[in-house]
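Taking it in order: structure first as C-alpha cells, then the write-up.
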2 protein chains.
Amino acid sequence: MVLKLRKKVDALPGCPMSKCMDLIGGCWTPEVLWSLSEGSRRFSELRRDNPFISAKVMTSRLRDLEQRGVLTRRVIPTSPPTVEYELTGVGKELLPAIRSIVDVGTRLLLRDRENELSGKKGDKQSLL
Amino acid sequence: MVLKLRKKVDALPGCPMSKCMDLIGGCWTPEVLWSLSEGSRRFSELRRDNPFISAKVMTSRLRDLEQRGVLTRRVIPTSPPTVEYELTGVGKELLPAIRSIVDVGTRLLLRDRENELSGKKGDKQSLL
DNA sequence: GATAGCAGTTTCCATTTGGTTACTGGAAAA
DNA sequence: TTTTCCAGTAACCAAATGGAAACTGCTATC
C-alpha cells in the first residue's frame, strides 16, 4: 500500500474529508481497518492477514489508531501474552468508507479484466 | 491533508483495495478528485478550491492522475493559456469512494458536536 | 537442548516528500 | 507603466517515513 501519514499536520477543523482521512489515511491503515472489520483480532493474526506490513509499521499504525480512538488494545495476561485489537464505535463508523474503497477497487479490476478479454489493452477509448 | 504517495510501490495485483488506493492515495489526491467531481475545472480554479495545496504538489498530483488515466488535461491555446482538467470514466468510478469518505467525515463531525454539546468531552464511553 | 510462537522494540538507513521561494512570458486591466 | 493573471517549472531543504535486521523474555513443543 501506498499511503503515508504525517503527524505534524492536523485535520482541517470542520472539513469532513480531512476529518475522515485523518483517521484512515496513513500507510497500510485501510488494510488494518479492513482486517478488523469482522471483529477483534490479535497482533499475529493481523500480521498474517497482511504479510506485506512490517512489524514496525504494524505496531506504529495500531498505536496511532488506538490513540485516535479508532480501536482498543486489550492485553490478556497469559504467557506468552495475548493482545486483542478491536474497533471502537468511531472505528466502526469508518467501515462504510473502507468498504466503498474495496467496492470501487473490485469494479476497477473487473473493468481491467473485461478490457483485456476484449483486446482493448491500451485503447484510450476504454478509459472514457 | 495527510496522505503521501510512493511511486516505487506498485499496487498489489488482484487486490481491490490496493487497486483503488493506488489511484486515490497520495497527498491531497482525494481533495483534487472531489473538486473535479462536479465537472471540469481549470488549474487556477483547483488552486482556489484548495488553498492549502501548493502549486508544486497540485501539478505533481494532476500529472500523476493523468498518467494513471484518472483525468484528462486539455490545453486551450488562448493567451494566457487555459488548461482544463476533467475526470475520465475511471476517474468517475472513484467518486463513490470519495463521497463515502466525505459522508463518514460528516458523520464523525456531527458526532463530535453532539458530544461537545452534551458535555461528553473526554468521555471514553462516547467512543464505543 | 533447540526451536517456534507471542508481541513487540531498537537501531540504522535511504528515500521520499512536500514546502518555499523565485522565475517564466505574454496579455489584459488599472 | 506597473500590476495581475494564467499555468506552471526549477532548485533547495528538512522532516518524516517505511524497510530490514537483530534482539527481548517467556513458554510450550519437538
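Only a predicted model underlies this, so the values are computations on that prediction, with no experimental measurement involved.
Counting to the nearest Å, the C1' atom of C:dT20 and the CZ atom of B:R47 are 12 Å from each other. Atom NZ in B:K56 sits roughly 13 Å away from atom P in D:dC12 (whole-Å rounding). Separating the CD1 atom of B:I76 from the P atom of D:dA7 is a distance of 9 Å, rounded to the nearest angstrom. The CD atom of A:E45 sits 9 Å away from the P atom of C:dC6 (whole-angstrom rounding). In this structure, the CD atom of B:E31 is 14 Å from the C1' atom of C:dG18, given to the nearest Å. Here D:dG18 presents its P atom at 13 Å from CE of A:M58, a figure rounded to the nearest Å. Rounded to whole Å, the distance from CG on B:L62 to C1' on C:dG18 is 15 Å. One interatomic measurement links the two molecules: CH2 of B:W28 to P of C:dG19, which rounds to 7 Å at whole-angstrom precision.
The side chain of B:R63 lies closest to D:dT9 when the candidates are D:dT9, C:dG18, C:dT11. Minimum atom distance to the side chain of A:A55 is reached by C:dT9, of the listed C:dT9, C:dG19, D:dG19. You'll find that the side chain of A:T59 is closest to C:dG8, out of D:dA20, C:dG19, C:dG8. Nearest nucleotide to the B:V57 side chain, out of C:dA27, C:dG18, C:dA7: C:dG18.
Note: A:M21 CE to B:I101 CD1 = 5.0 Å, rounded to the nearest 0.5 Å. Taking CG of A:L95 as the start and CD of A:E38 as the end, the distance is 9.0 Å to the nearest 0.5 Å. Put simply, CG on A:L36 and CG on A:L94 are 11.5 Å apart, with the number rounded to the nearest 0.5 Å. Between the CG atom of A:D64 and the SG atom of A:C27 there is a distance of 11.5 Å, given to the nearest 0.5 Å. Rounded to the nearest 0.5 angstrom, A:R61 CZ and A:N50 CG are separated by 12.5 Å.
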### Query
Can you list the steps and then say if A:R68 with A:V90 is a side-chain contact (heavy atoms from CB on, under 4.5 Å)?
CA-CA 9 Å; A:R68 287 162 202 263; A:V90 168; over 6 Å; no
### Task
Output, in order, the C-alpha distance, side-chain angles, deciding distance and verdict of side-chain contact (heavy atoms from CB on, under 4.5 Å) for A:L65 and A:Y85.
CA-CA 10 Å; A:L65 291 170; A:Y85 293 93; over 6 Å; no
Dump the pairs, protein N or O against N or O of nucleotides 1-6 of chain D, anything under 3.5 Å, distances to one decimal.
from: D:dC6; atom 1: OP1; to: B:R48; atom 2: NH2; distance (Å): 3.2
from: D:dC6; atom 1: O3'; to: B:P81; atom 2: O; distance (Å): 3.1

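Put simply, A:R73 has no side-chain N or O that comes within less than 4.0 Å of OP1 or OP2 on C:dA7. OP1 and OP2 of D:dG18 both lie 4.0 Å or more from every side-chain N or O belonging to A:S54. Neither OP1 nor OP2 of D:dG8 sits under 4.0 Å from any side-chain N or O of B:R61.
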